[in-house]
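Data block below; observations after.
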Amino acid sequence: MTPELDPEPGFGAVLRMNLGAVLARARVRVVASWRETSWVIGETVFPFLTMAAFVLVYRGLKAPPMYEAFVVLGGAMIAYWNNVLWSMASQFFWEKEQGQLQLYLITPVSRMSILFGMALGGMAMTTSRAIAILAGGSLLFHVPIPLDRALPAFGLFLLTLAAVYALGMILSSLFLLWGREAWHTATLFQEPIYLASGFYFPVRELGPLAGSLAALLPITLGLDGIRQILYGKAAHGFVPLAWIPPIQVALLALFLYLAHRALATMERLGKQEGRLTLRGA
Amino acid sequence: MKRTFEVIRAASWLGWQVEANWADPFLFVVYSIAKPLSTTLILFFMVRVVAQGHATAESFLFLFVGNTFFLYVTEVLIGISWAVFRDREDFETLKYIYTAPIRLLPYLLGRAVTKVVTASIGVAVALLFGRFVLGLAIGGDAASWARLAGAVALGLVSVAWLGIALAGASLVVARHSMNLNEGLAGAFYLLCGAVFPLEVLPRWALPFSLALPFTYWLELIRRTLTGRPYAAPLRGESDAMLWGILALSTVGLAAVSLAWFSWCERKARADGLIDWKTNY
């Protein structure tokens with residue numbers, strides 16, 4: 001007697017399964033972020049200290065308080081960039097090292113759903129850290145953050161996060177193949193991006209050419225726009241504010257498309273070269 | 001003693017292979033200098049954006065020197081404790097140190113030497129960049145350079161012993177507590193005034209700053225390279241006094257670190273933590 005095969009699941013079933021994967025992956029990240037006390041301290045207090053050092057640079061230079069606010073906003077955005085780098089882009093590398101990557105690959109859900117869940121969980125986890133940095137900066141250093149313009153700034157912030165995490169999805173496809181060099185590559189994307197994105201100073205200071213290249217990164221554009229919304233001309237904006245939301249939408253669409261293609265390509269390459277289960281390489 | 005030096009030499013060579021053999025030399029050099037050059041340029045642009053105010057080239061010079069030499073603190077502190085986690089959990093080789101006729105302490109000091117070397121590449125490139133690209137007035141006569149070498153060496157001994165203390169802590173904590181060690185480097189970056197004058201620290205934080213050997217170390221290096229004092233709370237102290245404080249605090253730190261490391265190592269062995277795996 002021939003065993004009866006399950007029929008091909010319909011669109012609704014596939015959608016439900018992928019949404020389930022998104023929620024499950026996001027939940028792991030949110031729960032884990034509060035379970036380990038040393039992480040909570042390490043990801044709030046210590047980044048705050050580094051941010052505080054840069055606030056004091058401006059204070060030492062007797063700069064207007066607004067520059068200190070630039071640093072506080074940049075410090076909050078750094079939390080997201082680091083989350084994208086270490087918990088999104090390099091996540092598949094960690095999974096490979098721990099022998100769990102194959103478990104992702106045998107599930108019948110899209111890799112994009114897993115990454116989307118990671119992104120949602122990562123945003124939720126990092127938001128608590130970013131709020132701590134913003135609140136600490138406001139209360140301890142009395143930096144001016146005009147709350148009456150917070151709503152449009154928040155809208156642009158959400159758009160920026162979407163594009164930044166989509167970029168993280170592309171990077172994660174690269175890290176799928178990389179071995180030990182993934183660690184070093186992630187490190188390379190830290191301080192140089194802090195510089196290029198103008199986390200601590202207006203990106204216009206980089207000049208038109210370097211600034212334009214840096215503006216290809218959604219986090220650069222987003223931070224530039226948020227500062228312009230909050231501080232107007234005093235923010236030394238680089239890209240005209242009206243251009244930023246459509247550019248971010250275009251980057252988001254482009255990055256999602258590229259991530260989808262890159263994930264499929266890298267997974268195929270990884271299988272062909274037998275590198276998906278290679279540890280310590 | 002000869003045996004100890006052999007262990008340090010072998011461990012530093014091993015550390016070099018772990019650090020550098022993942023890439024070709026050019027890529028490795030790019031990797032090594034990316035961080036110091038980026039932070040240098042961040043500070044450069046921060047100073048330039050407020051240049052119309054009070055900031056001057058001299059302001060930047062002091063920030064530059066402090067930030068550049070602080071790289072040693074970050075690299076060595078984080079590097080030694082990270083070596084413990086990597087050897088224990090990723091390479092699973094820490095337990096084999098105990099089956100070899102060597103002791104863990106000189107082995108870790110050897111790994112610290114590697115981090116000093118890699119940090120030195122970054123520091124040297126940053127100094128050259130500052131001197132020849134940014135046009136900073138760094139330099140002096142042969143005696144100044146000799147004093148600088150002495151000050152850096154003494155400071156590095158202090159940093160290495162603090163690194164050993166953190167490595168001891170790493171032996172008894174799980175891998176995911178690593179960010180506490182990284183955070184400690186961040187705390188020192190703030191408290192020792194690496195990138196700002198100490199007088200802008202909140203008043204309550206100043207005693208903590210003055211309790212750190214790195215505060216005196218950076219002031220000594222700044223004075224040696226620029227010929228002028230920087231931190232207002234230390235202006236009354238002579239160079240000789242700074243040398244004395246740095247030397248004494250290094251000796252004190254070495255004694256405390258040695259005791260702490262021995263205790264941690266005993267505890268790790270007693271509790272069966274030498275082959276602990278926490279990277280689940």
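Chain letters run A, B, ... following the sequence lines, proteins first, then strands; residues in each count from 1.
- For A:Phe70, no part sits under 4.5 Å from any heavy atom of chain B, backbone or side chain.
- Looking at B:Leu41, both its backbone and its side chain come within 4.5 Å of chain A, counting heavy atoms on both sides.
- Counting heavy-atom pairs closer than 4.5 Å to chain B, the top-ranked of the candidates A:Leu188, A:Val57, A:Thr50 is A:Val57.
- Residue A:Val45 does not touch chain B at all, counting heavy-atom pairs closer than 4.5 Å.
- Scanning all heavy atoms of the two residues, the minimum distance from A:Gly222 to A:Thr160 falls at CA-OG1, 3.2 Å.
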Check residues 200-210 of chain A and write down every donor-acceptor pair under 3.5 Å in which the side-chain atom is one partner and the other belongs to a residue at least two apart or another chain.
from	atom 1	to	atom 2	distance (Å)
A:Arg204	NH2	A:His236	ND1	3.4
A:Glu205	OE1	B:Arg48	NE	3.3

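- The minimum heavy-atom distance linking B:Tyr72 with B:Ser120 is given by the pair OH-OG, 2.9 Å.
- When all heavy atoms are compared, the tightest approach of A:Ala76 to A:Leu134 is CB-CG, 4.0 Å.
- The closest side-chain heavy-atom distance from A:His142 to A:Glu68 is not below 4.5 Å.
- Contacts with chain A (heavy atom to heavy atom, under 4.5 Å) involve these residues of residues 187-202 of chain B, listed by number: B:Ala187, B:Tyr189, B:Leu190, B:Val195, B:Phe196, B:Pro197, B:Val200, B:Leu201.
- In this structure, chain A has a heavy atom under 4.5 Å from the backbone of B:Leu184, while its side chain stays farther away.
- Between B:Ser32 and B:Ile121, the shortest heavy-atom distance links the atoms CB-CG2, 4.3 Å.
- What you find for A:Ser87 and A:Met118 is that their closest heavy atoms are O-SD, 3.9 Å.
- Looking at every heavy atom in both residues, A:Met77 comes nearest to A:Ile219 through O-CD1, 3.7 Å.
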